[in-house]
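Throughout, residue positions are numbered sequentially from 1 according to the sequence presented.
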Amino acid sequence: MEISEKVVYLDNAATTACAPEVLAVMTEALSGACGNPSSHYSVGYEAKEFVDTGRAQVAKAVNAAPAEIFFTGCGSEADNWAVKGTAFTKARQGKKHLITSAFEHHAIMHSMASLERMGFEVTYIKPTSEGYIRPEDVEAAIRPDTALVSIMMANNEIGTIQPIKEIAEIAHKHGVWMHTDAVQAVGAIPVDVKELGVDMLSMSAHKFNGPKGMGALYCKKGVWPQNLIDGGSQEARHRAGTENVAGIAGMGKALELATTDLEKRMAHEQELRDYVIGRILKNIPEARLNGGLTPRLPGNVNISFPGLEGETILLDLDMHNICASTGSACNSDSLDPSHVLLSIGVPEEIGHGSMRFTFGPQNTMEEAKYLCDVLEEVIPRRRAMSCMWLQGQNKARQYSLKGEQ
């Protein structure tokens, strides 16, 4: 246990630092391209060139056409646009039913809840105990009035990767549009919109070392969800507002970098992931991995430590200069147990003691070993002080026995 002064950042699913190359192109766009990309004179054309280049880079990374990429203010906006825009479009055809999973990001969950308040119907597919959506369950939920199926590509808390290609094929067989929230997937694993067969796909720049406040929605040619933001003619008249030139330039560059040598990066992150999972499960009694190991995001570790509160572990880790999380950063102000863990059957008492560690390309094996060293000291010490530990022990064993049945 040597690392002490250096910050060990293990919350890459929450956000990532801008890559130096990204900062460089953004600085160039901010300091040089001062014109409006819609203006018809030289400085406007300079700004437009940054936008066009960024769009082309994003499109190439996911195997789309540049005209199919629409920039947004964040991944949540892209999700809202896909879900609500489709709902409003399809409602004019008498289709007011939507399908999603019970463990989506809140950008999807709350969009669906908003539509329910407007009179739409939503079916929430329950994942398996390993954290996967079964295509046959989606097909069973489709009705004649189904407008959209929206299933995330990779879960933001437990990292499980969903069978999007198979689900998209089912949706299209029934004439239903298919959207996937790929915010955690793009830049982390290969994403090919043509291979997946989706109609819409959301992404967010700050998840792959790009700028915060920058997202995009892929819409397949011919798929037009109703606009959420009306105004000028930007983004082919589908998303009004003067373009964030520097943000677009940074997003394009970041995704270009993230998808270069992606297989090598994935192998590195998976090595760290598997080391941490293996060592924790071996050395810390009753620790439990949440979500199946395969297929799973290469850098995602989500483990429950029964008998403790995640917030307590979080504070102990912070005292050792380790940054981690108890779940989604977008829900960090809530003390409620994770809806993701509850959806896969994790008891509330165990869910409260869950931690998420997510690795990036900058992390090292030395940091992974340091994390394990700290946890192996912190968890037993805190459990010795906890009146919840005996109860948590019993609950964990009951849960394990239930899973084996």
Side-chain angles (χ1 to χ4, degrees), residues 7-16 76 102-107 109-110 127 131 152 154-160 183-184 206-207 272-273 276-277 279-281 284-292 296-297 299-360 363 367-368 370-372 374-383 385-389 391-393 395-396 399:
V7 172
V8 178
Y9 186 75
L10 303 178
D11 201 15
N12 291 276
T15 196
T16 59
S76 290
F103 69 168
E104 296 288 317
H105 186 276
H106 280 105
M109 299 295 281
H110 291 170
M152 66 195 334
N155 188 270
N156 55 304
E157 292 191 29
I158 60 175
T160 50
V183 166
Q184 290 291 334
H206 76 106
K207 303 297 187 180
L272 303 183
R273 179 198 75 185
V276 169
I277 290 173
R279 183 168 159 183
I280 289 176
L281 296 185
I284 300 181
E286 308 302 342
R288 183 187 186 278
L289 178 69
N290 295 313
R296 187 186 188 104
L297 290 175
N300 178 285
V301 177
N302 189 304
I303 291 184
S304 293
F305 299 98
L308 295 176
E309 291 286 336
E311 287 74 16
T312 301
I313 304 170
L314 201 64
L315 291 173
D316 275 319
L317 292 175
D318 189 41
M319 292 177 66
H320 289 83
N321 289 326
I322 297 174
C323 302
S325 72
T326 56
S328 171
C330 300
N331 201 40
S332 60
D333 291 336
S334 172
L335 295 178
D336 294 332
S338 159
H339 75 285
V340 171
L341 298 183
L342 293 178
S343 75
I344 63 172
V346 176
E348 186 172 328
E349 304 94 312
I350 294 178
H352 274 301
S354 296
M355 294 295 301
R356 182 184 70 177
F357 309 104
T358 45
F359 296 96
N363 293 121
E367 292 174 335
Y370 176 64
L371 168 66
C372 293
V374 172
L375 288 172
E376 288 168 8
E377 183 274 321
V378 165
I379 302 301
R381 175 167 55 82
R382 284 296 182 184
R383 279 176 170 171
M385 301 165 60
S386 172
C387 60
M388 297 168 55
W389 170 223
Q391 179 183 355
Q393 235 178 335
K395 193 71 177 181
Y399 183 44

Scanning both residues in full, the closest heavy-atom pair of I280 with C372 reads CG1-SG, 4.3 Å
Distance col, row L314:CG vs S325:OG, nearest 0.5 angstrom, shows 7.5 Å
Check your understanding: Any donor and acceptor pair, going by atom type alone, linking the side chain of S343 with main-chain N or O of F103 inside 3.5 Å?
Key -> no
In this structure, CD of E311 is separated from CG of D318 (nearest 0.5 Å) by 13.0 Å
So CZ of R383 and OG1 of T312: to nearest 0.5 Å the spacing works out to 12.5 Å
Kindly indicate, with the supporting measurements, whether the criterion side-chain contact (heavy atoms from CB on, under 4.5 Å) is fulfilled by N302 and R296. CA-CA 11 Å; N302 189 304; R296 187 186 188 104; 3.8 Å; yes
Distance col, row I284:CD1 vs L281:CG, nearest 0.5 angstrom, shows 9.0 Å
Contacts of A154 meeting side-chain contact (heavy atoms from CB on, under 4.5 Å) (sequence neighbours excluded), chain-then-number -> I161, Q184, A185, L297
Check your understanding: N363 and N12: side-chain contact (heavy atoms from CB on, under 4.5 Å), yes or no, with the steps?
Key -> CA-CA 10 Å; N363 293 121; N12 291 276; 3.2 Å; yes
Closest non-hydrogen atoms of C323 and V7, given as atom of the first, atom of the second and distance, are SG-CG1, 3.7 Å
Are the side chains of R356 and D11 in contact, using a 4.5 Å heavy-atom criterion?
yes
Side-chain touch F359/E367, heavy atoms, less than 4.5 angstrom:
no
Could you please spell out the steps behind the side-chain contact (heavy atoms from CB on, under 4.5 Å) verdict for L375 and I313? CA-CA 8 Å; L375 288 172; I313 304 170; 4.2 Å; yes
When every non-hydrogen atom of I158 is compared with those of I344, the smallest separation belongs to CD1-CD1, 4.1 Å
Going through the checks in order, is the side-chain contact (heavy atoms from CB on, under 4.5 Å) test met by L317 and F357? CA-CA 11 Å; L317 292 175; F357 309 104; 3.7 Å; yes
Handout entry: Side chain proximity check, V8 to L371, heavy atoms < 4.5 angstrom
Key = no
Query raised in the report: Backbone N or O of A107 within a donor-acceptor pair of the H105 side chain at under 3.5 Å?
Result: yes
Applying side chain to side chain donor-acceptor pair (under 3.5 Å) to D316 and not counting sequence neighbours gives R382
CZ (R273) and OG1 (T358) are apart, to the nearest 0.5 Å, by 12.5 Å
In this structure, CZ of R381 is separated from CD of E376 (nearest 0.5 Å) by 14.0 Å
Tightest non-hydrogen contact, residues L342 and V346, listed as CD2-O, 3.6 Å
Got a donor-acceptor contact below 3.5 angstrom from the T16 side chain to the H206 backbone? yes
S304 meets the side chain to side chain donor-acceptor pair (under 3.5 Å) criterion, sequence neighbours left out, with N290, S354
Evaluate the side-chain proximity of L10 to I322: yes if any heavy-atom separation is below 4.5 Å, no if none is. yes
TODO: For the residue pair T15 and Y9, establish whether any side-chain heavy-atom pair is separated by less than 4.5 Å.
DONE: yes
Review point. When you measure from the side chain of H339 to the backbone N and O of E104, does any donor-acceptor pair fall under 3.5 Å?
Key: yes
